[in-house]
There are 2 protein chains.
Amino acid sequence: MNYQIELRHFVYFLAVADELHYRKAAEKLFISQPGLSTQIKQMEEILGTQLFVRDKKKVSLTPAGEFLKKEVEFILNHLDQTKKQVKLIGDGQLGEVRIGFLGSAMQNVVPNLLLGLKEKFPTVHTTLEELSNRAQINAILADRLDLGFVRLSRVPKGLDVKPVFEDTFSLVLPEDHPLDAKHFKNINQVADEDFILFSQDYSPMYYDTVLSICEDSGFVPNVSHKSVHAQTIFKLVENKLGIAIVPTTLQHGFQMKVKFIEMKKIKQRAVLSMVWKTDNRNPALQKCMDLLQKL
Amino acid sequence: MNYQIELRHFVYFLAVADELHYRKAAEKLFISQPGLSTQIKQMEEILGTQLFVRDKKKVSLTPAGEFLKKEVEFILNHLDQTKKQVKLIGDGQLGEVRIGFLGSAMQNVVPNLLLGLKEKFPTVHTTLEELSNRAQINAILADRLDLGFVRLSRVPKGLDVKPVFEDTFSLVLPEDHPLDAKHFKNINQVADEDFILFSQDYSPMYYDTVLSICEDSGFVPNVSHKSVHAQTIFKLVENKLGIAIVPTTLQHGFQMKVKFIEMKKIKQRAVLSMVWKTDNRNPALQKCMDLLQKL
DNA sequence: CTATTTGATAATTCATGTTTATTGATTATT
DNA sequence: AATAATCAATAAACATGAATTATCAAATAG
């Protein structure tokens, strides 16, 4: 009287509806015929409607049963798909990773990650957003982002960081600047020039690192301009408004009248790190991070 | 290990997913907290995926759980609607009745039935088909029709008949025929005329009845033409090719130069009956038949 | 530090799904 | 017509597993 329909009922019902024969249906289900009979009867009681007509040696569906059959087929089918998808999501084969990144990560790390994902986990979707260090951190804390690519050494509690790419620094000079790679020995050769840097606010780590490079050579740079876009910085250099120090990989993807001198000998490196929330259980994120280890 | 997901799991799962708190969810479900814990755990084992993260004093959904929640909400909702619809169909409130009828039933009985259905059971749909007596019987036997309106006294085994409308017979004469209603006393006043009747094959009962009317007045009619369409018969009468005897209600709906003389005094009646298969369990059919009793 | 709250675990109870055995009804066979 | 066979329904016995009670460990709040 107080019972509840269960999926078992549906499976039984479908068997009978298909066979139109209790004993055969029971055999197919590997249960006894009386058990099947009682369950169907119970089902009819719960629904308050007769589903089968047992009439003179033959079983047939009532219109209500006919209708229910279609619906049950749909529901069981939908359920089957759902179970499979849940498993896939749980295994990280299917899902979405929301990625934030600094512009400079687009030169190298992020494209490689996307290619790797496409190859190994083609059903994992990604959404990409170019954001500042700070914006990424906020987004990750607020669960609006799964993974960030930042240039930071320290992150708030609850987040984890891990370096994924180390880059040398390069000096950026106007194309016709007298200094060239062959004659470059030490950064103090350009100690008197004006410097154009990424703004401290945009990337504190970068800023500090560049200052420490200069400090190691015994001078304090004269910073004439600050910007948050590499393109702006290169443009300023092109127009001889100063020189710059940037991560080396930034030289790709721009067509400017500037030249790069890679400073391999200085010890500082531009470190790109990935950041994520420690307790983020997105299985697709795990797959991403596994992939990044191997790159 | 070998268990099967049941709807109970889904209901429990939704409760926890909504509350994100086992004890509160258990209270809402009127079961104990440990029972809920074990069922959710079992569910996770069956699906092979973790659905909740129980982490330091707070419960939250995994991406797989998040996905499952949406699907379960959909499934349970769909199921609810299905249960209601099955009940409605079983009660005959929702469904379809396939109706066959003789042209003459369209004057009166069928329109009334349709109006009644529309009023009392607006969700019961009907399909209509004008068919001969024989064609209706065959269609009902073959389960292509639920209900028929025929002029027959006897039907094959497995079918039931019940009269729904009794009609007097009328004499059909050309408009300028010397006989009129005022001077009509007995059918033998036109015993010498040619008669135009519905063909015996189309409606044996009608044919026999008309013959018996004449017989009662002591003559055998001279049948000059037979037809299956009232319109044809009236046209022939209009052109003075004979006179006819038809069920009285047929006079409506035609615009012809003929006059009708209703013969109330003769005992024979044109009986319209409904026919259906004895074991037809279409609940909507029952509603139809109930309605017809009251008309 | 103590008290409280959380979900998980263990043992027990109890509901109910399932089986075996049987019956009544119908159909096929001789 | 009598017998055998087939079908679904019913009754009683059984067993599976869901739910309860009692308890614990971990974490948080006062």
Side-chain angles (χ1 to χ4, degrees), chain A residues 1-47 49-62 64-65 69 72 157-158 278-279 281, chain B residues 1-47 49-62 64-65 69 72 157-158 278-279 281:
Chain A
M1 214 60 172
N2 223 357
Y3 298 86
Q4 168 85 25
I5 283 274
E6 289 295 348
L7 290 177
R8 164 176 33 85
H9 290 115
F10 287 158
V11 175
Y12 290 1
F13 168 76
L14 262 199
V16 179
D18 279 340
E19 298 288 331
L20 293 177
H21 196 290
Y22 276 75
R23 191 179 51 74
K24 285 181 193 166
E27 270 174 29
K28 209 169 73 173
L29 293 166
F30 298 105
I31 63 169
S32 68
Q33 173 264 311
L36 181 56
S37 281
T38 52
Q39 286 297 303
I40 296 290
K41 196 180 167 193
Q42 191 187 82
M43 190 175 174
E44 290 180 325
E45 264 168 30
I46 297 170
L47 292 175
T49 314
Q50 206 176 333
L51 300 172
F52 292 102
V53 188
R54 296 82 153 168
D55 226 43
K56 316 198 173 206
K57 210 76 172 175
K58 69 167 176 282
V59 176
S60 57
L61 282 160
T62 62
K69 186 186 174 200
V72 163
K157 196 184 160 192
T278 310
D279 62 5
R281 305 284 178 139
Chain B
M1 214 64 171
N2 224 356
Y3 298 86
Q4 168 85 25
I5 285 275
E6 288 294 349
L7 290 178
R8 163 177 31 86
H9 290 115
F10 287 158
V11 175
Y12 291 1
F13 169 77
L14 262 199
V16 179
D18 280 340
E19 298 287 331
L20 292 177
H21 196 290
Y22 275 74
R23 192 179 52 73
K24 286 181 192 166
E27 270 174 27
K28 210 169 71 171
L29 294 166
F30 299 106
I31 62 169
S32 67
Q33 174 266 312
L36 183 56
S37 281
T38 51
Q39 286 297 302
I40 296 290
K41 197 181 167 194
Q42 190 187 85
M43 190 175 173
E44 290 180 325
E45 266 167 29
I46 297 171
L47 292 175
T49 314
Q50 207 176 332
L51 299 172
F52 292 103
V53 188
R54 294 82 154 168
D55 226 41
K56 317 198 174 207
K57 211 73 172 178
K58 70 165 175 284
V59 176
S60 58
L61 282 161
T62 63
K69 185 185 174 202
V72 164
K157 198 184 161 193
T278 309
D279 62 4
R281 305 285 178 137

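Below, chain A is the first sequence line, B the second, and so on; all start at residue 1.
- In this structure, A/Met43 and A/Ile5 approach most closely via the heavy-atom pair CG-CD1, 3.7 Å.
- Taking atom CD of A/Glu45 as the reference point, atom P of D/dA9 lies 12 Å away to the nearest angstrom.
- Among the atoms of the strands shown, only primed sugar atoms or phosphate atoms (P, OP1, OP2) are found under 4.0 Å from some heavy atom of B/Tyr12.
- Checking D/dA18, C/dA8, C/dG17 against every side-chain atom of B/Arg8, the shortest atom distance belongs to D/dA18.
- Between C/dG7 and B/His21, a contact under 4.0 Å exists linking OP1 or OP2 to a side-chain N or O.
- With hydrogens and angles ignored, a donor-acceptor pair closer than 3.5 Å exists between the side chain of B/Gln33 and the base of C/dA8.
- The shortest distance between the side-chain N/O atoms of A/Arg54 and the OP1/OP2 oxygens of D/dC7 is not below 4.0 Å.
- When each of B/Gln42 and B/Pro34 is assigned the nucleotide of DNA chain D bearing its nearest heavy atom, the one mapping closer to the 5' terminus is B/Gln42.
- Here A/Ser37 reaches the OP1 or OP2 of D/dA9: one of its side-chain N or O atoms lies under 4.0 Å away.
- One can place CG of B/Leu36 at 13 Å from C1' of C/dT6, the figure rounded to the nearest angstrom.
- Here the shortest heavy-atom pairing between A/Gln50 and A/Ala64 reads O-CB, 4.1 Å.
- Taking every heavy atom of both residues into account, A/Val72 and A/Phe10 meet most closely at CG2-CD2, 3.6 Å.
- When the P atom of D/dA8 is taken as reference, atom CD of A/Glu19 falls 11 Å away, rounded to whole Å.
- The distance from atom NZ of B/Lys58 to atom C1' of C/dT5 is 15 Å, rounded to the nearest whole Å.
- The aromatic rings of B/Phe52 and B/Phe13 lie tilted to each other, with the angle between the two planes from 30° to 60°.
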>> Could you go through A/Gln33 and A/Ser37, starting from their C-alpha distance and side-chain angles, then the distance that decides it, and tell me whether this counts as side chain to side chain donor-acceptor pair (under 3.5 Å)?
In response: CA-CA 6 Å; A/Gln33 173 264 311; A/Ser37 281; 3.0 Å; yes
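- Between B/Arg23 and C/dT6 there is a side-chain N or O to OP1 or OP2 distance below 4.0 Å.
- Of the candidate nucleotides D/dT20, D/dA18, C/dG7, C/dG7 has the atom nearest to the side chain of B/Val59.
- Remark: B/Tyr22 is not in phosphate contact with C/dT9, judged by side-chain N or O atoms under 4.0 Å from OP1 or OP2.
- To the nearest angstrom, P of C/dG17 lies 11 Å from CD1 of A/Ile5.
- For the OP1/OP2 pair of C/dG17 and a distance below 4.0 Å, the side-chain nitrogens and oxygens of A/His9 include no atom meeting the criterion.
- Note: CE (A/Met43) to C1' (C/dT16) measures 18 Å, nearest angstrom.
- Between the CZ atom of A/Phe30 and the C1' atom of C/dT18 there is a distance of 16 Å, rounded to whole Å.
- Put simply, CD on A/Glu44 is 12 Å from C1' on D/dA8, counting in whole angstrom units.
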